[in-house]
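Lettering follows sequence order; numbering is per chain, from 1.
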2 protein chains.
Amino acid sequence: MKALSQVGKYGLRALLYLVAYPPENQYLSIRQISDDLGLSFHFVTKIFRELTEKGILLSYRGPSGGIALAKPAEEIMLIDVIKVLEGEDFFDKCLLGLPHCGSAKPCPVHEFWKEVKSQLQENFSNTSLALLGEKIRTQEVRLDE
Amino acid sequence: MKALSQVGKYGLRALLYLVAYPPENQYLSIRQISDDLGLSFHFVTKIFRELTEKGILLSYRGPSGGIALAKPAEEIMLIDVIKVLEGEDFFDKCLLGLPHCGSAKPCPVHEFWKEVKSQLQENFSNTSLALLGEKIRTQEVRLDE
DNA sequence: CATATTTAAGAGTATTTAATCTTAATTAGA
DNA sequence: TCTAATTAAGATTAAATACTCTTAAATATG
């Protein structure tokens, strides 16, 4: 199941890299992230621009410039990132693509799909980048490969 | 969340149409299904060919030809259809696209995503086309729009 | 002020997915 | 046997997504 686009996958991985390995009091360069994760520098740059415009990242140009979190990682929830990268309507879509599907005109799998989306949304709403960053640092989970 | 491709969405809708409104002892033409659901005849034909090759449908050419279920609708589970239309690995993919993600090398959202996929897989495994067809016939749910 | 380093912006290209079109094969019925 | 109705097969086109490239703007440092 391909739930996320490449933008979503790469963006989330690159962002988590920053959260897991933040430079102290300074910016982290996109080049280091993209090289370390084996992602396209230009593609990551484009994705980060979106995150910067939407207030999740700060960016700074010039030598020793780069990007940084705009807020403490404790205050950024996974759902905020997903909604920027995949669109605000990420959790609103009918599994069969029916535009008027809803409680009034449910599609054949509406009720069940609603529950799945709700579970996802709740989890993403309660998971901070800080939590995931910590799991990465302690090597409980991995960001590469 | 775009869980299914157009092939999956159209294919499932078209198949459910057949299940909900089966002609007695005969084939249903693809033209009637695609016209009624407002889908491309050629696209649906291509999708049905796949379902025929994989043993979910029977097809018959010539006048009063068309397609029919290869087995009783009670014996066809949603998961069988999804796996044909979206690939056998539909439930095996890492949310972040990491090829080696698994219990040995989990990605940051592995555990949670595993549960979501498992819930989906279980539901799809326990839902027969017959059940959904009945819901459509009784207008408890809808296939159009 | 010159240069190197970095992100910003957007144009351009490639790949994948979606959809359409054309022709062939099959079959029923007049 | 002819014609119309139907699916099969695959070529072709269109659109969306995924990248890549080039140039501009900002800024630190010598």
Side-chain angles (χ1 to χ4, degrees), chain A residues 1-15 18 23 25-70 85-87 90 93 96-97, chain B residues 1-15 18 23 25-70 85-87 90 93 96-97:
Chain A
M1 180 172 34
K2 190 186 142 188
L4 298 181
S5 67
Q6 295 292 79
V7 167
K9 293 177 195 166
Y10 291 175
L12 197 48
R13 278 177 72 199
L15 184 59
L18 168 68
N25 276 333
Q26 61 190 9
Y27 293 94
L28 180 60
S29 79
I30 298 176
R31 179 68 67 180
Q32 179 178 338
I33 300 174
S34 60
D35 279 2
D36 245 43
L37 292 178
L39 305 178
S40 153
F41 165 74
H42 288 293
F43 201 21
V44 173
T45 298
K46 188 184 288 190
I47 297 169
F48 275 174
R49 228 153 58 208
E50 184 79 7
L51 290 171
T52 301
E53 283 164 13
K54 295 290 173 58
I56 290 180
L57 290 178
L58 297 176
S59 71
Y60 198 82
R61 294 196 242 193
S64 77
I67 49 100
L69 290 183
L85 298 176
E86 298 288 336
F90 185 72
K93 291 177 190 156
L96 296 183
Chain B
M1 181 173 31
K2 189 185 142 190
L4 298 180
S5 67
Q6 294 293 80
V7 167
K9 293 177 194 167
Y10 292 175
L12 197 49
R13 278 178 73 199
L15 184 59
L18 169 67
N25 277 332
Q26 60 190 9
Y27 293 94
L28 180 60
S29 80
I30 299 177
R31 178 69 66 180
Q32 179 178 337
I33 299 175
S34 60
D35 280 2
D36 245 44
L37 292 178
L39 304 177
S40 152
F41 165 73
H42 288 293
F43 200 21
V44 173
T45 297
K46 188 184 286 190
I47 297 169
F48 275 175
R49 229 154 56 209
E50 184 79 7
L51 290 170
T52 301
E53 282 164 14
K54 296 290 173 57
I56 290 180
L57 291 178
L58 298 176
S59 71
Y60 197 82
R61 296 196 242 193
S64 76
I67 49 100
L69 291 182
L85 297 176
E86 300 286 337
F90 186 71
K93 291 178 190 156
L96 296 183

Just the table, please: protein N/O against nucleotides 4-6 of chain C N/O, every pair under 3.5 Å.
| residue | atom | partner | partner atom | Å |
| --- | --- | --- | --- | --- |
| C/dT5 | O2 | A/Pro63 | N | 3.4 |
| C/dT6 | O4' | A/Gly62 | O | 3.4 |
| C/dT6 | O2 | A/Gly62 | N | 3.3 |

Polar atom pairs between nucleotides 16-18 of chain D and protein, under 3.5 Å, N or O only, would you list them?
| residue | atom | partner | partner atom | Å |
| --- | --- | --- | --- | --- |
| D/dA18 | OP1 | A/Gln6 | N | 3.1 |

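Residue pairs that meet the salt bridge (Lys or Arg N to Asp or Glu O under 4.0 Å) test with at least one member in residues 40-50 of chain B, sequence neighbours left out, are B/Glu50-B/Lys54.
Residue B/Tyr27 contributes atom OH, which lies 11 Å from atom P of D/dA8 at whole-angstrom precision. If you measure from atom CD of B/Gln26 to atom C1' of C/dT27, you get 15 Å, rounded to the nearest angstrom. The interatomic distance linking A/Leu39 (CG) with D/dC19 (C1') rounds to 12 Å, in whole Å. At whole-Å resolution of the value, CZ in B/Phe41 and C1' in C/dT20 are 12 Å apart. Rounded to whole angstrom, the span from the CG atom of A/Leu58 across to the P atom of D/dA26 amounts to 17 Å.
Residues that satisfy the side chain to side chain donor-acceptor pair (under 3.5 Å) test with A/Asp36, not counting sequence neighbours, are A/Tyr17. The side-chain contact (heavy atoms from CB on, under 4.5 Å) check on B/Ala68 picks up B/Tyr27, with sequence neighbours excluded.
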Sequence neighbours left out, cut at 3.5 Å: what donor-acceptor pairs do the side chains of residues 7-14 of chain B make with other protein atoms?
| residue | atom | partner | partner atom | Å |
| --- | --- | --- | --- | --- |
| B/Lys9 | NZ | B/Gln6 | OE1 | 3.4 |
| B/Tyr10 | OH | B/Gln6 | NE2 | 3.2 |
| B/Arg13 | NE | B/Leu143 | O | 3.0 |
| B/Arg13 | NH2 | B/Leu143 | O | 3.2 |

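In this structure, B/Ser64 OG and B/Leu28 CG are separated by 12.0 Å, a value rounded to the nearest 0.5 Å. Here OG1 of B/Thr52 is found 4.5 Å from CG of B/Leu57. Values are rounded to the nearest 0.5 Å. Rounded to the nearest 0.5 angstrom, B/Leu18 CG and B/Ile33 CD1 are separated by 5.5 Å.
Neither OP1 nor OP2 of C/dA19 sits under 4.0 Å from any side-chain N or O of B/Ser40. Contact between the side-chain N/O atoms of B/Ser59 and the OP1/OP2 oxygens of D/dA8 is found at a separation under 4.0 Å.
Between the side chain of A/Lys46 and the base of D/dT20, a donor-acceptor pair under 3.5 Å is found.
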